[in-house]
Number of protein chains: 2
Amino acid sequence: MLKSIVTHIKQYVKPSAEELNQFTALLQEVSVAKRKFLLLPGTHVKHEYFVFKGCLKAYYMDDKGNKHVVQFAIENWWIGDFDAFYNQVSSKLHIEAIEDSQLLAINYDDLQALYDEAPVFERYFRLLVTSAFVAQRKRILSALEKDAKARYLEFRLSYPSIETRVPNYHIANYLGVSAESLSRIRRSLKS
Amino acid sequence: MLKSIVTHIKQYVKPSAEELNQFTALLQEVSVAKRKFLLLPGTHVKHEYFVFKGCLKAYYMDDKGNKHVVQFAIENWWIGDFDAFYNQVSSKLHIEAIEDSQLLAINYDDLQALYDEAPVFERYFRLLVTSAFVAQRKRILSALEKDAKARYLEFRLSYPSIETRVPNYHIANYLGVSAESLSRIRRSLKS
DNA sequence: TCTCTTAATTGACATAGGTCAAGGAGATTG
DNA sequence: CAATCTCCTTGACCTATGTCAATTAAGAGA
């Protein structure tokens with residue numbers, strides 16, 4: 001359970017055994033059953049979460065009740081409401097489990113303190129945010145450049161393990177197309 | 001000239017005078033005339049740039065020759081090809097001056113070394129990337145949720161100082177609408 | 001296995017926004 | 001002050017994708 005997050009960290013930085021212990025001591029295990037929520041809008045967000053088992057989605061629900069998927073997360077991904085977490089404002093997102101999920105939570109204050117005590121983790125999170133930033137930029141460019149079919153194909157290529165685990169209408173909400181359009185796109189790809 | 005970047009840094013972190021000197025010693029001044037390029041696709045990106053005078057845009061040009069604006073930058077903004085800079089891959093973006101511009105450049109290797117010597121700057125850049133990440137997430141949600149008119153209104157509210165300095169067709173390329181559509185939107189707002 | 005719920009598909013129709021083509025208003029430059 | 005440029009506007013038409021409504025298929029409990 002801790003092994004997966006340690007492996008993840010080591011892909012970015014090389015903390016000492018002691019530093020790793022400092023970090024893992026801060027983690028709390030959290031479980032969320034399928035269709036249950038890890039986070040609701042309006043909440044004060046105190047944690048960011050690392051998924052070690054399961055699958056979840058973070059989405060924004062607009063005034064008309066339409067859901068817009070900000071992010072999916074499966075094993076070895078971080079999920080949370082970054083905006084609310086880092087700026088310590090109240091959340092605007094739902095985070096809902098698509099499958100029964102198990103996560104490791106890290107607390108905001110603990111993390112800030114850790115940055116001072118063990119700067120290697122500040123680097124780890126800097127690198128994480130940087131790569132998330134780059135991925136988001138790519139998503140923005142796709143939205144600007146590509147039509148729905150091309151975005152769907154790109155999604156399948158980028159996230160094959162998500163595509164097979166998640167209902168299509170969630171993917172539609174991620175890509176910014178209606179479920180009906182996605183269905184038609186998929187039919188057109190069969191031939 | 002250095003004053004503006006020092007002020008910017010101090011809004012995020014509190015480095016010592018010595019640390020600030022360390023940082024500013026690494027900066028090189030760069031000028032780009034209107035319509036000239038700071039960066040072309042295919043280039044090896046060695047620098048990230050802080051604008052202390054002027055206005056620029058970073059855009060991706062697709063196979064059809066359509067330009068998609070990734071970012072504008074005016075005084076006190078950082079601009080560059082983050083993806084190419086951090087992952088040290090070749091650039092996919094054009095960065096072009098919209099007005100005669102003056103920038104401060106920081107070199108990749110220098111910055112990595114500085115992170116070790118003065119971690120306060122690693123924090124500064126972590127915070128910068130974090131806020132850029134949050135801004136991008138907002139942009140993604142706008143693209144998913146809002147129609148062209150609403151996105152334009154949001155842009156005007158978020159970046160009034162850019163809206164007045166930049167030709168409308170650049171803004172259209174940022175919002176993901178045609179220049180013609182933006183013109184019609186603007187007409188509809190007059191009445 | 002039967003039932004109920006959740007997901008996916010399909011058709012008919014509506015519409016936001018794109019594309020193409022033309023013209024015009026300001027700027028800039030020789 | 002011409003002569004270009006650059007940028008913005010407008011009209012006519014087209015297309016991708018959305019919306020609504022109904023149907024079917026697939027899962028999940030009991």
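Numbers restart at 1 for each chain; the letters A, B, ... are given by sequence-line order, proteins then strands. Just so we're clear, the structure is a prediction, and the values are computed from it rather than from any experiment.
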Chemist: Where along residues 139-156 of chain A does a heavy atom fall under 4.0 Å from DNA chain D?
Modeler: A:D147, A:A148
Chemist: Could you pull out the closest heavy-atom pair between B:I106 and B:F85, with the gap in Å?
Modeler: O-CE1, 4.1 Å
Chemist: Please enumerate all residues that pass side-chain contact (heavy atoms from CB on, under 4.5 Å) together with A:A135, with sequence neighbours excluded.
Modeler: none
Chemist: Treating primed atoms plus P, OP1 and OP2 as sugar-phosphate and everything else as base, which nucleotides of nucleotides 3-10 of chain C get B, S or - for protein heavy atoms under 4.0 Å?
Modeler: ---SSSBB
Chemist: For B:S178 and B:S181: C-alpha separation, side-chain torsions, deciding distance, then whether side-chain hydrogen bond (donor to acceptor under 3.5 Å, both in side chains) applies.
Modeler: CA-CA 5 Å; B:S178 66; B:S181 287; 3.2 Å; yes
Chemist: State whether the number of non-hydrogen atoms from other residues, nucleotides or ligands found under 6.0 Å of A:Q112 atom CD is greater than 12.
Modeler: yes
Chemist: Please check if the number of heavy atoms outside B:Q11 that lie under 6.0 Å from its CD is greater than 12.
Modeler: yes
Chemist: What class does the angle between the rings of A:Y159 and A:F155 fall in, given that below 30° is parallel, 30 to 60° is tilted and above 60° is perpendicular?
Modeler: tilted
Chemist: Which pair of non-hydrogen atoms, one from A:S161 and one from A:T164, has the smallest distance, and what is that distance?
Modeler: O-OG1, 3.4 Å
Chemist: Are B:Y49 and B:L38 side-chain neighbours, meaning at least one heavy-atom pair lies under 4.5 Å?
Modeler: yes
Chemist: Specify whether B:F125 and B:F23 have parallel, tilted or perpendicular ring planes, treating 30° as the upper limit for parallel and 60° as the lower limit for perpendicular.
Modeler: tilted
Chemist: Within a radius of less than 6.0 Å around NZ of A:K14, do more than 12 heavy atoms belonging to other residues, nucleotides or ligands occur?
Modeler: yes
Chemist: Angle between the end axes of the helix from C:dT1-D:dA30 to C:dG30-D:dC1, five pairs per end, to the nearest 10 degrees?
Modeler: 50°
Chemist: Check whether any side-chain N or O of B:T130 sits under 3.5 Å from a backbone N or O of B:R126 as a donor-acceptor pair, and report yes or no.
Modeler: yes
Chemist: Counting only non-hydrogen atoms, which of residues 54-67 of chain A are less than 4.0 Å from DNA chain C?
Modeler: none
Chemist: Could you go through the salt bridge (charged side-chain N to carboxylate O under 4.0 Å, His left out) check for B:K36 and B:E96 one step at a time?
Modeler: CA-CA 6 Å; B:K36 298 293 182 194; B:E96 182 183 340; over 6 Å; no
Chemist: Contact boundaries of DNA chain D with chain A (under 4.0 Å, heavy atoms), 5' to 3'?
Modeler: D:dT17 to D:dA28
Chemist: Distance-only, no hydrogens or angles: does the B:S158 side chain make a donor-acceptor pair with backbone N or O of B:E154 under 3.5 Å?
Modeler: yes
Chemist: Main chain of A:C55, side chain of A:S101: is a donor-acceptor contact present, judged purely on distance under 3.5 Å?
Modeler: yes
Chemist: Please report the closest heavy-atom contact between B:G54 and B:R165, naming both atoms and the distance.
Modeler: O-NH2, 3.1 Å
